[in-house]
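No hydrogens, no waters, no symmetry mates; every other heavy atom, side chains included, goes into these values. In what follows, chains carry the letters A, B, and so on, assigned in the order in which the sequence lines appear, proteins first and then strands, with residues in each chain numbered from 1.
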Amino acid sequence: MTDLPLTTTTASDRARDIRAAVESRLKIRHASERRFKLYGQLAIAIALGFLVLLLGRIVTQGASTFVVHSISVQVPLDPARIDQTELEGVNYDLMVADAVLAKLGEKDDDYGSKSEAIKDLMSPDFGFQLLNMIKADASLIGKTVTVSGPLRANADLYFKGEIKRASPEEERTLTNQQLDWLDALKSSGVITTGFNIGFFTKSDSTEPEQAGVLGAVVGSAMMLLVTAFLAVPIGVMAAVYLEEFAPKNRWTDVIEVNINNLAAVPSIVYGLLGLGLFINTLGVPRSSPLLGGLVLALMALPTVIIATRSSLKAVPPSIREAAFGVGASRTQAVFHHVLPLAMPGVMTGSILALAHALGETAPLLMIGMVSFVPGVPTGFDQAATVLPVQVFIWENASERAFHERTAAAIMVLLVFMILMNAVAIIVRRRFERRW
Amino acid sequence: MPMNRDDSASHEAASAPGEQAAPAVPSGPSIKIRARDINVFYGEKQALFDVAIDIAEKSVTSFIGPSGCGKSTFLRCMNRMNDTIPICRVTGSIEMDGEDVNDKSIDPVVLRARVGMVFQKPNPFPKSIYENVAYGPRIHGLATGKDELDAIVESSLRRAGLWDEVSDRLMQPGTGLSGGQQQRLVIARAIAVGPEVILMDEPCSALDPIATAKIEELIDELREQFCIVIVTHSMAQAARVSQRTAFFHMGRLVESGATDEMFTNPRDSRTQDYITGRFG
């Protein structure tokens, strides 16, 4: 009888001790949990901060590209100034400049310095517009025609506040008189402000105001097409063979290790390979989307293989057993059941590999894609430029107006990538199934 | 004809001296599968030792034994499922209707159509209920035309006791069914190919008692048409559904015989220990 209360006391003592011990630890445990949560939030905040900084910088620098200042001028086509026997040799720019001067109510001096100053403000494109009009319809000579288009980059920069009147005259590219003229033309409504459609409908040009990204976007799209058609089928098939069919032996181990290593090879090495193999040996045309696509396909291949293999691995073995169990052959099991289930992972991996290829610049520099291409590529073997290379070219340009276009081209590239990633997400959602 | 222990011992002495495993000679129905000297290796490790057993036509044979005793491994030998494991090696002979299933001339694809399998975890394809059942007949070309396929799907689902529950939603995903329904769907999928043998690897271990009862009922009905082999951890289940039982222990077939006899009067002390719950 005496034992019983004693044991219960020690038992409840023990329970109390345990509780006290747990409670004292509990505080530390909760504190460490809070601390780790804080670290995590801090890490995300830093990452977001960098992202905002990066995007903010690009957007603030590039946004002005999407605004353009245009002018519309009525030019009288004086028959006395146009030598019909040699249309190409006519000084159309001077005719445009004179028309603008007339609009301003000024008269050119004997040295033509005023018209020269006006010419500096007008895009040389106006001259070509006039030439093309007359070429198309000679009866226009003697009449008055209208040409319109963006101002020359410097004038555009003045309206965007990049060139300031406050800075000393000798330090800017525009004189006080030119600024006065621009202000006058602006207030009289001859110069208008609008959305820069030309940036999306024109290709590269030596004149910043005429330069656009169309050629680069089309070039990128064509190159990606080549990459996708090569890297995805070859990569998926290689992965399916390695994962589902190949015996597990030393050779497949060697292949696996090498594929993993290839994924980590610096991209410029693929450029060298492309230079040596595709250009020098196989004679693929330099600077073409075909060549770029081939090189980037080589680069994307390991990524596609690895992504496909890991999504094949993620398909539960029970699905394979189910297929084998009803008498499906290995090929049937793979192509009817395993691969469809792995498809979301395969597509996501492939699209991410392609998005990576889209932003790749270094290997393309090696294969001569860093060239001035003023048009939209018309074929896979034609010279083309691509968005990241366009960014690279513009960044190196000396004209200040190209710098805002650099940022704008980066924005276009980012939108291109966001669209691709969005497609990856949609595809994933679409194919995703429960099992 | 009750089995004689001396008979089996003499047979064993002939095929694998020193082994205790006794080939079962079913009393009533004819023998569907006759396995002799089955050894299975996973790489260096031997998983089965000289298993010899006879499995009767149109009856349920259950394999019992503690985890890792090799009963599932042996089950998978019968439809050559072990072929899919690269490091697995099987020796010995398994004759189905007198034909060695391990023979080079036997295509495992054809064999697996004759020997259906139901797995521990219900594993319907992530496709519609209809597609799950129609897949087997389709790849084997068992139906010409949609009507015939529809008929196979319906009769398979009926025989699996699932038709009334799913007839109005055949096009919905099979993975949306409950666990018990999924397992019956998988049985329907196996039946649809018209197998002779159905192997079941712990078909009820992931199911609740009600779903289990339904599957057991179904097994009882199916044995009139098929030779059924079931691996189970539940001795009560073995007692309920099977006519014959085989007890595996540490990779060896310790004892096999009529279920009621084995549960009431086991010959081997290990069997006795296991069924009375002393180990396992």
Identify each donor-acceptor pair in which a side-chain atom of residues 345-358 of chain A lies under 3.5 Å from a protein atom, sequence neighbours left out, and give them as a table.
unit_1	atom_1	unit_2	atom_2	d
T348(A)	OG1	P344(A)	O	2.5
T348(A)	OG1	R428(A)	NH1	3.2
S350(A)	OG	V346(A)	O	2.7

Please list every donor-acceptor pair under 3.5 Å in which a side-chain atom of residues 225-241 of chain A meets a protein atom from a residue at least two apart or in another chain.
unit_1	atom_1	unit_2	atom_2	d
T227(A)	OG1	M223(A)	O	2.9
T227(A)	OG1	G293(A)	O	3.3

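- Looking at R138(B), there are no atoms closer than 4.5 Å to chain A (heavy atoms on both sides), in backbone or side chain.
- Taking CZ from R330(A) and OG1 from T84(B), the interatomic distance works out to 6.5 Å, rounded to the nearest 0.5 Å.
- You'll find the side chain of H336(A) reaches within 4.5 Å of the side chain of I139(B), heavy atoms only.
- More than 12 heavy atoms of other residues, nucleotides or ligands lie within 6.0 Å of CZ in F245(A), so this atom counts as buried by the packing criterion.
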Do E321(A) and K121(B) pass the salt bridge (Lys or Arg N to Asp or Glu O under 4.0 Å) test, and can you show the C-alpha distance, the side-chain angles, and the key distance before you say yes or no? CA-CA 11 Å; E321(A) 290 196 322; K121(B) 212 179 128 229; over 6 Å; no
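- Within a 6.0 Å sphere centred on CZ of R19(A), other residues, nucleotides and ligands contribute 12 heavy atoms or fewer.
- No donor-acceptor pair under 3.5 Å is formed between the side chain of H337(A) and the backbone N or O of P126(B).
- Residues of residues 105-115 of chain B that come closer than 4.5 Å to chain A, counting heavy atoms only, are V109(B), R112(B), A113(B), V115(B), ordered by residue number.
- When the candidates G325(A), A323(A), S329(A), A322(A) are compared by the number of heavy-atom contacts under 4.5 Å with chain B, A322(A) comes out ahead.
- Proximity of a side-chain donor or acceptor of N123(B) to a complementary backbone N or O of I319(A) within less than 3.5 Å is not detected.
- Listed by chain and number, the residues in a ring-ring contact (aromatic ring centres under 6.0 Å, His included) with F324(A) amount to none (sequence neighbours excluded).
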